[in-house]
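Accompanying notes for the structure given below.
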Amino acid sequence: MKKVFLAICAGVIGLVSYGQQGTTKIGIGAEVGIPTGDFDAFKTGFGGYAKGLFGIGTAGQITFTSGYTTYEAKGSTSSDKITYNIIPLLAGYRHNFSGFYVEPQVGYGIYGAKVKSGGISASSSDGAFTWAAGVGYVINDAIELGARYQSGHKDGSSTSLVGLRIGY
């Protein structure tokens with residue numbers, strides 16, 4: 001049922017925005033993730049992202065963002081190591097204001113962990129509802145500098161971070 005509803009929403013948005021004028025782009029970039037809240041047992045994470053922007057109107061864009069960011073637990077050593085990775089799959093809307101933009105997003109996140117201790121390793125992953133809210137600035141219609149707050153929620157716990165981005 002959720003997939004049917006999502007397909008209907010995407011179709012309606014596509015039909016409504018078909019006649020609109022806008023800018024469509026694809027971008028890539030690097031991201032630094034700073035853990036917050038329950039997630040602060042991990043060090044700053046590093047990764048990359050890809051983003052598609054479909055123009056609707058003169059100042060708006062429908063967005064889809066995905067990427068990969070990895071984090072290492074505080075106190076990890078070379079023999080005992082815990083890493084955590086996040087793959088967000090987020091749809092959103094970006095509204096542009098003369099270079100500046102705001103961008104709320106919702107979607108799904110894939111959260112994975114890997115533990116390595118004494119030559120033995122184990123890993124697991126799970127998915128969760130994820131949302132984000134971002135702001136940024138685009139320089140010369142090419143270089144993007146942005147910041148966002150992202151949070152994933154499942155079973156009463158959350159994985160939250162502040163992401164700093166630079167992209168093209």
Side-chain angles (χ1 to χ4, degrees), residues 1-14 16-17 20 22-57 59-73 82-97 99-114 124-138 144-168:
M1 183 66 181
K2 290 180 183 178
K3 291 180 182 179
V4 171
F5 179 73
L6 184 60
I8 291 170
C9 288
V12 168
I13 290 170
V16 170
S17 64
Q20 301 297 320
T23 304
T24 300
K25 297 180 180 182
I26 296 175
I28 60 169
E31 179 172 69
V32 174
I34 303 165
T36 63
D38 297 340
F39 191 44
D40 69 354
F42 288 84
K43 299 176 186 176
T44 299
F46 300 94
Y49 71 95
K51 179 179 285 207
L53 301 105
F54 178 75
I56 56 170
Q61 295 168 309
I62 301 292
T63 65
F64 180 76
T65 306
S66 186
Y68 181 87
T69 307
T70 188
Y71 301 83
E72 186 176 306
I82 300 172
T83 56
Y84 195 79
N85 58 65
I86 300 173
I87 301 171
L89 304 167
L90 301 171
Y93 173 77
R94 176 184 284 190
H95 195 84
N96 299 291
F97 303 94
F100 288 98
Y101 67 83
V102 294
E103 183 178 7
Q105 299 174 303
V106 295
Y108 187 75
I110 301 168
Y111 298 85
K114 184 173 183 179
S124 71
S125 66
D126 202 0
F129 169 77
T130 302
W131 64 272
V135 296
Y137 187 75
V138 179
E144 175 184 329
L145 302 173
R148 69 188 169 86
Y149 179 80
Q150 177 179 306
S151 186
H153 301 272
K154 184 163 186 169
D155 299 332
S157 66
S158 66
T159 302
S160 303
L161 62 100
V162 173
L164 304 175
R165 296 179 157 189
I166 183 166
Y168 179 76

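By convention here, the first residue in the shown sequence is residue 1.
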Open item on the list: Could you go through Ile82 and Phe42, starting from their C-alpha distance and side-chain angles, then the distance that decides it, and tell me whether this counts as side chain to side chain contact (heavy atoms under 4.5 Å, CB included)?
Closed with: CA-CA 9 Å; Ile82 300 172; Phe42 288 84; 4.1 Å; yes
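- Tyr84 approaches Thr159 most closely through the heavy-atom pair OH-OG1, 3.5 Å.
- Counting heavy atoms of neighbouring residues, nucleotides and ligands inside a 6.0 Å radius, atom NZ of Lys43 exceeds 12 of them.
- Leu90 contributes atom CG, which lies 7.5 Å from atom CZ of Phe64 (distance to the nearest 0.5 angstrom).
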- [ ] Kindly determine whether Val135 and Glu103 satisfy side chain to side chain contact (heavy atoms under 4.5 Å, CB included), including the steps that lead there.
- [x] CA-CA 6 Å; Val135 296; Glu103 183 178 7; over 6 Å; no
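- Remark: Leu161 CG to Ile86 CD1 distance equals 5.0 Å, nearest 0.5 Å.
- Remark: Leu145 CG is packed, more than 12 non-hydrogen atoms of other residues, nucleotides or ligands lying under 6.0 Å away.
- Taking OH of Tyr137 as the start and CG of Asn96 as the end, the distance is 11.5 Å to the nearest 0.5 Å.
- Thr23 has its side chain within reach of Gln61: a pair of non-hydrogen atoms, C-beta onward, lies under 4.5 Å apart.
- Between Trp131 and Tyr149, the ring planes lie tilted relative to each other; the angle falls in the 30° to 60° range.
- Side-chain atoms of Asn85 never come within 3.5 Å of backbone atoms of Thr69 as a donor-acceptor pair (strictly under, hydrogens ignored).
- A donor atom on one side chain and an acceptor atom on the other are found under 3.5 Å apart for Thr65 and Gln105.
- Within the model, atoms CZ of Phe129 and OG of Ser158 stand 12.0 Å from one another, a figure rounded to the nearest 0.5 Å.
- Residue-environment remark: OH (Tyr168) stays at or below the threshold of 12 foreign heavy atoms within 6.0 Å.
- Thr130 and Gln150 are not linked by any side-chain donor-acceptor pair at a separation below 3.5 angstrom, with hydrogens and angles left out of the test.
- Taking a cutoff of 4.0 Å between a charged side-chain nitrogen and a carboxylate oxygen, Arg148 and Glu31 qualify as a salt bridge.
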Open item on the list: Evaluate Ile62 against Tyr93 for side chain to side chain contact (heavy atoms under 4.5 Å, CB included), listing each step before the verdict.
Closed with: CA-CA 5 Å; Ile62 301 292; Tyr93 173 77; 4.2 Å; yes
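- The existence of a salt bridge linking Glu144 and Lys25 is excluded, since no basic side-chain nitrogen approaches an acidic carboxylate oxygen closer than 4.0 Å.
- In this structure, Asp126 CG and Tyr111 OH are separated by 10.5 Å, a value rounded to the nearest 0.5 Å.
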Open item on the list: Please determine whether side chain to side chain contact (heavy atoms under 4.5 Å, CB included) holds for the pair Tyr71 and Thr44, giving the CA-CA distance in whole Å, both sets of side-chain angles, and the decisive distance to 0.1 Å.
Closed with: CA-CA 6 Å; Tyr71 301 83; Thr44 299; over 6 Å; no
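- Minimum heavy-atom separation, Ser151 to Ser160: OG-OG, 2.9 Å.
- Closest of all the heavy-atom pairs between Lys154 and Ala128 is CB-CB, 3.7 Å.
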